[in-house]
Every structure is written in C-alpha cells, then in structure tokens.
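First the structure, in the form of structure tokens, and then the observations on it.
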Amino acid sequence: MGLRFETRASDSPWVDTVWTCTSEQVAEMTSVATPCWGLVFWQQEGIAHASISGPETATGKAPVPQGATFVGIEFAVGTWLAAAPTPVLVDRGVELPDATHRSFRLGGRRWETPGPDDAEALVDRLVRGGAVVRDPLVTDVRQGRQPVVSERTVERRFRAATGLTQSAVRQIERARHASTLLATGVPVADVVCGLEFFDEPHLARALRRYVGRTARQLREGTGGAIALDLDQFTTS
C-alpha cells in the first residue's frame, strides 16, 4: 500500500530520469526538493491528466490522487520550456489543458502522451519542435567544463535557465543522493564523509530541509509516503 516508484536513468542529454508510480490508499505524501522541472502524466478513474512540475526548493506535504498511475519525465538541469521559463515554475506546477489518454496540449500544439518506454521519443519531438530548449553554457558547467566568461555571467545564466543558484542545485542533489544511500543501508558516517557534509548535524539539517526525513527514518523506511524512489538506486 502507498506509493510504488520505479525510476530509471536516461541516455538522452535532455532528460535526467523517467519514473512511474502507482498510488493505493494514500492521500498525502512528503514532497522532496528537486532541481529539475518535469512533465507528469497520470490517469485516475479513467480520466487522463497532464501537468508541468517545477523545481522544488524544499520539502513539504502534497496530496496524492487515489488509485492513480503516473508517468513522469524529469528534464536535465539547464533545459526549459519555451512557453514557460523555469524560473516562473519554481515551487509550483501548472496543469495542462485538454489532456486525453492519447495526447496533451503544450505550447499551442498537441503532442502524443508518452508511456514509460517512449518518454525520450516525446522529448526528441519537443526539442525538434522548439518546445524544449537549453543554454549550452549551463550544460558545459554541469559537465565540469570551464567557461570562458566570468563567474557572474555563469551564475546569471544559470539562474535564468534553472531558477536556482548553482549552490542550491548542488545542495538539493547532495541531499537526495544522501537519502538514497541511507535508505540502502550505508552508515551515516560514510555518507557524511563520502558526500562531504561538515558533520552529522549538517547532514541532518539538509535531510530535514530537502527530504523531510531523518537518517533513521530513511534507514527504517518510516515516515509515510514519500515522492522519491528509495527502494533502489536509479537504474539505466
């Protein structure tokens, strides 16, 4: 009972992860901070829905549609929708109109609703159609390449593309990674050392702010439904 997540990595440079989820007898979940925006498709009682999810800067509580099945695409940091720049989506979502089991409306056009195995095909069409774009400078920075512009320019363009600072993105990603490690049994001290937290209280604060769980809750799988796949590491 609850939320059952499955998450996979993607070989598309435009996509971070693709996930599926089913909900049973759960009305509320803990949302988890994420630096990514996404597209979410779900069905409930035979009715299709689609929405844009923005980056989340902190944990919180969110309602869960009863008996729903979801497919989600988390886009790579540095990409954005031409019709809705990422900064305007931070800590909010937008439901898309006229969604059906076969298609949804985005940017004035209809697109085929994807399943979990053809998410990348949809993304390719969105990119070719100009609906999804990215800043190559942000991509280079994310891949560790040294830009030829000033740090101020990098930060300005990073925030324009993502709605977040580079520091915020790193902190969110580190907390999410830590929660996955803890859930799979990695000792707290090893997580602190491996992910370069200052100490255990620093880790605890990050988990509380971004994940809404303590290290013990993550190890024991307690605390209720959570919008994160903690059963396994992300698979390709």
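Nothing fancy with the numbering, it's 1 onward along the sequence.
Looking at heavy atoms from C-beta onward, W111 lies out of side-chain contact with S103 at the 4.5 angstrom threshold. Using a 4.5 Å cut-off on side-chain heavy atoms (C-beta onward), R219 and V188 make contact. Using a 4.5 Å heavy-atom cutoff, the side chains of V71 and L39 are not in contact. A heavy-atom distance below 4.5 Å is found between the side chains of L3 and V64. A 4.5 Å side-chain heavy-atom check between V127 and V133 finds every atom pair outside the cut-off. F5 has its side chain out of reach of L228: every pair of non-hydrogen atoms, C-beta onward, lies at least 4.5 Å apart. Residues R4 and T20 form no side-chain contact, since every pair of their non-hydrogen atoms from C-beta on lies 4.5 Å or further apart. The side-chain heavy atoms of L81 and W37, taken from C-beta on, include a pair separated by under 4.5 Å.
A cation-pi geometry, defined here as NZ or CZ lying under 6.0 Å from the six-membered ring centre and within 45° of its normal, holds between R134 and W14. Under the 6.0 Å distance and 45° angle rule, R176 does not count as a cation-pi partner of Y210.
Formation of a donor-acceptor pair under 3.5 Å by the Q66 side chain with backbone atoms of V26 is found in this model. Side chain of D91 to backbone of T57: a donor-acceptor contact under 3.5 angstrom is found. Looking at T86, its side chain does come within 3.5 Å of a backbone N or O of A161 through a donor-acceptor pair. A side-chain donor-acceptor contact under 3.5 Å links H101 to the backbone of G46. Here the side chain of R105 pairs no donor or acceptor atom with the backbone of A99 at under 3.5 angstrom. Under a 3.5 Å cut-off, the side chain of D199 and the backbone N or O of H202 do form a donor-acceptor pair. Here the side chain of T79 pairs no donor or acceptor atom with the backbone of F75 at under 3.5 angstrom. Panel note: side chain D229, backbone T7; a donor-acceptor pair is recorded below 3.5 Å. The backbone N or O of S31 sits less than 3.5 Å from a side-chain atom of T59, completing a donor-acceptor pair. The backbone N or O of R152 sits nowhere less than 3.5 Å from a side-chain atom of E155 that would complete a donor-acceptor pair.
Within a 6.0 Å sphere centred on CZ of R216, other residues, nucleotides and ligands contribute 12 heavy atoms or fewer. With a 6.0 Å radius and a threshold of 12 heavy atoms from other residues, nucleotides or ligands, R125 has its CZ atom above the threshold.
For the pair R8 and E120, the salt-bridge criterion is met [side-chain N within less than 4.0 Å of a carboxylate O]. Taking 4.0 Å as the cut-off between side-chain N and carboxylate O, R174 and E196 do not count as a salt-bridged pair. Electrostatic pairing of E151 and R156 does not count as a salt bridge here, judged by no charged N lying under 4.0 Å from a carboxylate O.
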**OP:** Go through the steps to decide whether R213 and S179 satisfy the test side-chain hydrogen bond (donor to acceptor under 3.5 Å, both in side chains), and finish with yes or no.
**Re:** CA-CA 8 Å; R213 290 288 187 273; S179 64; over 6 Å; no

**OP:** Kindly determine whether Q143 and T139 satisfy side-chain hydrogen bond (donor to acceptor under 3.5 Å, both in side chains), including the steps that lead there.
**Re:** CA-CA 6 Å; Q143 294 176 350; T139 301; over 6 Å; no

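No single ILVMFWY cluster, assembled from side-chain heavy atoms under 4.5 Å apart, contains both V149 and F158.
Residue T100 holds its OG1 atom at 12.0 Å from NE2 of H49, rounded to the nearest 0.5 Å. Between the CG atom in D135 and the CZ atom in R157 there is a gap of 4.0 Å [rounded to 0.5 Å]. Separating the CD atom in Q217 from the CZ atom in R208 is a distance of 11.5 Å, to the nearest 0.5 Å. One distance of note links OG of S23 with CD of Q44; it measures 7.0 Å at 0.5 Å rounding.
Aromatic pair F70/F41: centroids not less than 6.0 angstrom apart.
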